[in-house]
Structures are given as C-alpha cells and as structure tokens.
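The structure under discussion appears below in the form of structure tokens.
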Amino acid sequence: MFSSVLVANRGEIACRVFRTARAMGIRTIAVYSEADADALHVREADEAVLIGPAPARESYLDAAKVLAAAKQTGAEAIHPGYGFLSENADFAEAVAAAGIVWIGPKPASIRAMGLKDAAKTLMIEAGVPVTPGYLGEDQSLERLQREADAIGYPVLIKAVAGGGGKGMKKVDRAEDFADGLASAQREGQSSFGDPRVLIEKYITRPRHIEVQVFGDRHGNVVHLYERDCSLQRRHQKVIEEAPAPGMDAATRKAVTDAAVRAAKAVNYEGAGTIEFIADASDGLRADRIWFMEMNTRLQVEHPVTEEVTGVDLVEWQFRVAAGEPIPLKQADIPLNGWAMEARLYAEDPANGFLPSIGRLEHFVMPGASYRYPTSQDVRIDTGVRQGGEVSQFYDPMIAKLIVHRDTREEAAADLAGACGEVEVWPVRTNAAFLKRCLEHRRFVAGDVDTGFIGAEEANLMPIPLSPAGLQGAARILRFGDGVRGYDTQSPWEHWSEIAGLRMNGSPFLRQTVFVDGQLKEIAIDNDVAAADRHFEPSSGTTIYFEDGGPHQVSLLSPRGSASGPAADGALRAPMPGKIVATPVKPGDTVAKGQPVVVLEAMKMEHALVAPFDGVVGEISVTVGDQVPADAVLAVVTTDG
C-alpha cells in the first residue's frame, strides 16, 4: 500500500477521500487555487500546494501543475475525485509515467467509455441494450437536424464528452433544434473542450437507474447493486437512493448483469458506474432499460451505496490501485435497508434556482459536527464551513445529507427532517426545496421519474413562514433570544404592552413585524415557547429559519426589497460571469421570455430573457466579456 495520496480535486470529495486515507494511515496532500486558500479541504490535509488562480483551467484542470505538486510533495498516489481531471486519460497516463499510482481505471478504459458515441457502439458489441439515436461523425447542422427529425421529437442532444448535465439539451420541436444544438455545443466546448454531440430519443417517462461496478487487475468484476437518481432538475441530480423503488429481483439481475458485462468489455479496474435509462410508463421492466453511458470514476452519490452495502468504496479504490484483489466476492456483498442522499446546492429556488455565491456567515448542518459522518442518524459530506466562501468559479454543491434506515418511508421522512434543520445565510440554498420534494406524496409513494420536479415544481417551492414561525419570529424580535414575553404570573408589570388580556388564560400583545418584506401584525401568545432557530447578522436584520429556509424579519420597514422582473426592461447579471451569446441585436423585436443575453457562471449557462414584448434598445456587452453581478447587460423597451 502506498503511504501518501494527493487528491487532485477540491471541496467535499477531497475531504471525503482524506477521511478514508487518514483511517488507513495514509498521508494526505491537497492542491488548491487562490480562491480556495482558506478552504476546508486545504485545512484538512497534512500538506497543501497552491497550483494557480481561481479559474479551473488555470488550476484544477492544469494537469502539469497537479503533477508538479505531486512530485514536489513526494506523493506516491493520486486520487482524482470526480469532475476536473478524473476522466482524463492523458492525465492518467502522465501520472503512471511519473511512477505515481493512479487511483482509477486504465487510460484505455477511460478512452473507451469517455466518448458517448464510441461507448454505445462498444456496448452494442457486448450485448448491452442501448437507446435509439444517432452516433455518427457528421456533425453538420443539416445532418444532425435530419437525424433528429427521423428519430422523432422530443430528442436529447448530449455532448459526447459530457457529464453532470453539462452539454445536454432537450428539444421538443424541430424549429427549436438549431438553438438547442448551439447551446449544447457551447457547453461541451466550455466544459470538456469538445463540441461534438450525439442525439438520443427522449423517453417520455424516464427513470435514471445506475449500477455501481468494481473491477481489479486480476480480472474480477462485481456490482454493488443499483441506485435510482431520477429526481433531477435540468439533468442535474438532486436526490438519489439505493436500492431503486419498484425494482424486482428479475429486473435487478438483468440490469446488474448488463452492467458487469459492460465493465468487462473494457477490462475495467476500480470504481465505475454504468448508467441506464428506463421507460417507467409500465413500471421497471428488464426489457425497457437501456445503457446510456459509463462514468469511469467515483460518483457524487456513492454514499448511498456505501450505506446499504457497508463498503467503503474509497478504501476499495486504494486497495485495488495498490494491486490487491476486490475485498469481497459477489455473493458476499450485502444489500441492507434503504439509503437516500440529498444534494445541498448554493442556489436560490425562489429566483429561478440561480446559483448563490458569497461568504457563509452562518452555516449549520444537522448534528453536532458537519465535517464527518456525525452518527448513524445523519451523514454529512461537505467541503465548506462557517466563514468560508462559495465561489463563482466552481460547482454550487456545498454538502450532501445522507440517511440509512430500514425502510424507504423512514429514510425519506428522516432525510426530510434533516433538510429542515439546515441553516445557511446569506448564501441561499435549496434545503427547503429538498424537504418538500422528500415529503411530496408522489415521491413518498415511489412514483418518480426524471420529469417529477418539472411537473411538480410549483408545489415544491418554499412557502411563507408558518403561523407558528411568525409567533416565534415576533417573540425573538420583541423580547430577545430565549426570553418569554413577560411573567405570566405578573402581567401587571407590563400592563402598557398588553393589547389583550384574558383573565382565565394567558395574556397576549400585538406586534407589527416585516417578514420577507411583507407587513404582518401578530398577536403574540405567551403560551408559545420561545424559538431558538434564528441568527442575527451584522446587518441587524434577524434571520429566522423554518423547514430549511431563511426568513428575514424586522421591526422596522426594510430599506428595500428584491425586485421582480425588470419593470424598466433592464436585464442585469444575477451573478458574476462570462457572456457566451447575444442571440439578438439592438432594434430586434422580441417576445416576452425570448433570450436576449446568455451568461455562463458556475459551469452552467443562464439565459436572460425579455421581461415583456418589445424592442431591444441596447446591448452593452459582447461575447467573451466578464461582467460583475448586477451589471446592466441589455435593455428592452416597449414597442411603439
């Protein structure tokens, strides 16, 4: 076994790998960008090396700098985590050529599965069922449009080197194909350096089923059962679970056998995931599950597999990379209970799920400590801490909340409860949204597919502060932290404050407060216990937390409130980013909702659209410009 490991990654996954390395007595080495100088993964490592500026291309994606850091620190092994260089075959070869252990599959396997079109061809040869689509070399708009028309809409355009929802666009109509293709190509080029795409038939009621596989250099390949990752938003996974609801023994055997065949077809070593798409219109059936792609790395959602099998997948990665055989035979790998994982993103559901960046002035997770799994109750995997920064340069996921219970119903209920305990400010998160997903009747019943969030989104949005929450917030504002309104035995001491008095009950007073910018008048009941889920930032406004969501409360009128769609027609940048497209020009007539400027930030494209029917009066940016938050990018004026 090697004695030291460098993790060529950041954040939550770096901290996760370090945890297992420490348990095995392996020295840990971090790399970091200038933006991550004070990051948790840097503090957790035994040694850390600065490798460049904040942009990933100049730091975490710079293979030469990462390799130089490994040589500088004497690292005996490199773990790539997920994302960044984890599926870069050239980097894997360079690591091996430098005499350093690569904790991952062989470069040939990465290449074989790295391009979705070639991988599908290989799977067909291996007898693995694949979805209908176009995998050809001709990437002209004319040919791709013709193939999409022949497949039949809706279709899915996917970057051949893609992953994580990047470079993936659903197109419902032929007339929208060109725009969807252009966007997928831009994201493919930006995220993976490859604009090529493939086209697949879009399954109208799809479920995302994936199988964890593991191989070693001795020819052994096993599976660790399936995960269901169907709860997605814009092709980004939100909640994952293992096993998959509704999976019977026959279907499980069919899909796991296919996954093992797929891994053996590329002589796979290490941890990998075979992803399938299932047509769930008639439940899960073996003849309606098709291969989509293989991820030749550890997955974000690997904790749910660890929880139901009792296996530390990172430890297995270390042992297999060191030449040891897989620790367990297939028949000895258990499947116990039910595990669920919720991805906590720094994003604002109330503002179109736009990423939220800034300093984590208040960051509280369920449990006494959130750096490591705290207990058997809730496991928290995170790469941030209170006082840290959420940067515009990286993925907005800031933590994962995982539970393992005997039944699916218990897992969903307890994970919902954990999401409800999240307290984060001023960075916004999707915690309240996650809680509502987990409590939704359809999800609880196992009635899920990848369209669930899109269909139910209006019912999943965070709701206003409850009456009980209003009571708690008002009491905090009026009487301070943890103080009862007044002594129920001596109301006379506060006679002037009492608006109502019941001789046979508890007294109450009326208090006017502003909650999320809205005026509320509340009768404060002295029988209601004082609340403690609040935070007082330096701005003076009290933040009251309920069900995972923050609410701004104050006694005075707020100085201002967030505006809705630009009434004056000014389109402002919701966050710092780079302009990647201006699909219209000054003088063009536009319809409400039509894209005017496209901004790239936090690895995703965000279209700024016309707030009403009108004419483009001004576009103040050009493609390639870097813009700050709140900058006016364009102005739309009323027609006539």
So, Arg10 and Asp395, do they make that salt bridge, N to O below 4.0 Å? no

Check whether any side-chain N or O of Asp228 sits under 3.5 Å from a backbone N or O of Ile209 as a donor-acceptor pair, and report yes or no. no

Less than 4.5 Å apart, any side-chain heavy atom of His362 and any of Ile543? no

Heavy-atom pair of closest approach, residues Arg207 and Ala280: CG-CB, 3.4 Å

Compare every heavy atom of Ala570 with every heavy atom of Val632, then report the nearest pair and how far apart it is. CG1-CB, 4.3 Å

Would you mind checking if Arg442 and Asp449 are paired as a salt bridge, meaning a charged N to carboxylate O distance below 4.0 Å? yes

Short side-chain to backbone donor-acceptor contact, Thr542 and Glu536, under 3.5 Å: no

Would you please test Asp381 and Arg343 for salt bridge (Lys or Arg N to Asp or Glu O under 4.0 Å) and show each step? CA-CA 10 Å; Asp381 284 11; Arg343 299 190 187 191; over 6 Å; no

Val596 side chain reached by Leu608 side chain, heavy atoms, under 4.5 Å: no

Between Gly577 and Gln392 the two heavy atoms that sit nearest each other are N-OE1, 4.0 Å

Tell me whether Ser59 contacts the main-chain N or O of Ile51 through its side chain, where contact means a donor paired with an acceptor under 3.5 Å. no

Any donor-acceptor pair under 3.5 Å linking the side chain of Ser230 with the backbone of His208? yes

Without swapping roles, check the side chain of Asp172 against the backbone of Pro154 for a donor-acceptor pair under 3.5 Å. no

Looking only at atom types and distance, does a side-chain atom of Ser183 sit under 3.5 Å from a main-chain N or O of Asp179, one as donor and one as acceptor? no

Do side-chain atoms of Tyr394 reach the backbone of Ala56 as a donor and acceptor pair under 3.5 angstrom? no

Are His551 and Ser466 packed together at the side-chain level, in the sense that at least one heavy-atom pair is separated by less than 4.5 angstrom? no

Please report the closest heavy-atom contact between Leu40 and Thr382, naming both atoms and the distance. CD2-O, 4.1 Å

Residues Arg234 and Glu347 bridged, charged N to O under 4.0 Å: no

Residues Thr131, Lys201; criterion side chain to side chain contact (heavy atoms under 4.5 Å, CB included); working and verdict: CA-CA 7 Å; Thr131 49; Lys201 174 65 179 173; 5.9 Å; no

Do the non-hydrogen side-chain atoms of Asp38 and Arg385 ever get within less than 4.5 Å of each other? yes

Got a salt bridge between Lys65 and Glu58, using NZ or NE/NH1/NH2 to carboxylate O under 4.0 Å? no

Interatomic distance, Gln552 atom CD to Leu465 atom CG [nearest 0.5 angstrom]: 12.0 Å

Measuring from atom OG1 of Thr204 to atom CG of Asp279, what distance do you get when rounded to the nearest 0.5 angstrom? 6.0 Å

Asp36 versus Tyr60, side-chain donor and acceptor atoms under 3.5 Å: yes

For the residue pair Gly180 and Ile157, what are the closest heavy atoms and their distance? C-CD1, 3.9 Å

Does the side chain of Glu187 reach to within under 4.5 Å of the side chain of Lys169, using non-hydrogen atoms? yes

Roughly how far, to the nearest 0.5 Å, is CG of Leu50 from OG of Ser33? 8.0 Å

Determine, for Glu301 against Lys400, whether the closest basic-nitrogen to carboxylate-oxygen distance falls under 4.0 angstrom. no

Would you check, one step at a time, whether the test side-chain hydrogen bond (donor to acceptor under 3.5 Å, both in side chains) holds for Thr450 with Gln232? CA-CA 6 Å; Thr450 59; Gln232 301 179 7; 5.6 Å; no

Are the side chain of Arg436 and the backbone of Met461 linked by a donor-acceptor contact shorter than 3.5 Å? yes

Side chains of Cys437 and Leu231: closer than 4.5 Å at any heavy-atom pair? yes

With side chain to side chain contact (heavy atoms under 4.5 Å, CB included) as the test, would you mind laying out the steps for Ile199 and Phe177 before giving the verdict? CA-CA 11 Å; Ile199 303 173; Phe177 184 83; 3.8 Å; yes

Donor-acceptor under 3.5 Å (Glu87 side chain, Asn295 main chain): no

When you measure from the side chain of Ser356 to the backbone N and O of Arg428, does any donor-acceptor pair fall under 3.5 Å? yes

At what distance, to the nearest 0.5 angstrom, does NZ of Lys120 lie from CE of Met292? 8.5 Å

Could you go step by step and tell me if Leu401 and Cys419 meet the side chain to side chain contact (heavy atoms under 4.5 Å, CB included) rule? CA-CA 8 Å; Leu401 285 68; Cys419 291; 4.3 Å; yes

How many angstroms lie between atom CG of Asn430 and atom NZ of Lys435, to the nearest 0.5 angstrom? 14.0 Å

About how many Å separate CH2 of Trp290 and CD1 of Ile203, when rounded to the nearest 0.5 Å? 4.5 Å

Lys158 and Glu275: CA distance, side-chain angles, deciding distance, salt bridge (Lys or Arg N to Asp or Glu O under 4.0 Å) verdict: CA-CA 14 Å; Lys158 300 170 71 173; Glu275 301 198 359; over 6 Å; no

Taking CD in Gln626 as the centre, count heavy atoms belonging to other residues, nucleotides or ligands within less than 6.0 Å. Is the count above 12? yes

Less than 4.5 Å apart, any side-chain heavy atom of Arg143 and any of Glu147? yes

Between Tyr82 and His302, does the ring centroid distance fall short of 6.0 Å? no

Report yes if the side chains of Phe545 and Val364 come closer than 4.5 Å at any heavy-atom pair, otherwise no. no

Please find the pair of heavy atoms, one from Val31 and one from Ala69, that lie closest to each other, and give the distance. CG1-CB, 3.9 Å

Salt-bridge test for Glu12 and Arg16: reply yes if a basic N is under 4.0 Å from a carboxylate O, no otherwise. no

Test side chain to side chain contact (heavy atoms under 4.5 Å, CB included) applied to Arg227 and Glu341, step by step: CA-CA 11 Å; Arg227 300 184 287 254; Glu341 171 183 292; over 6 Å; no

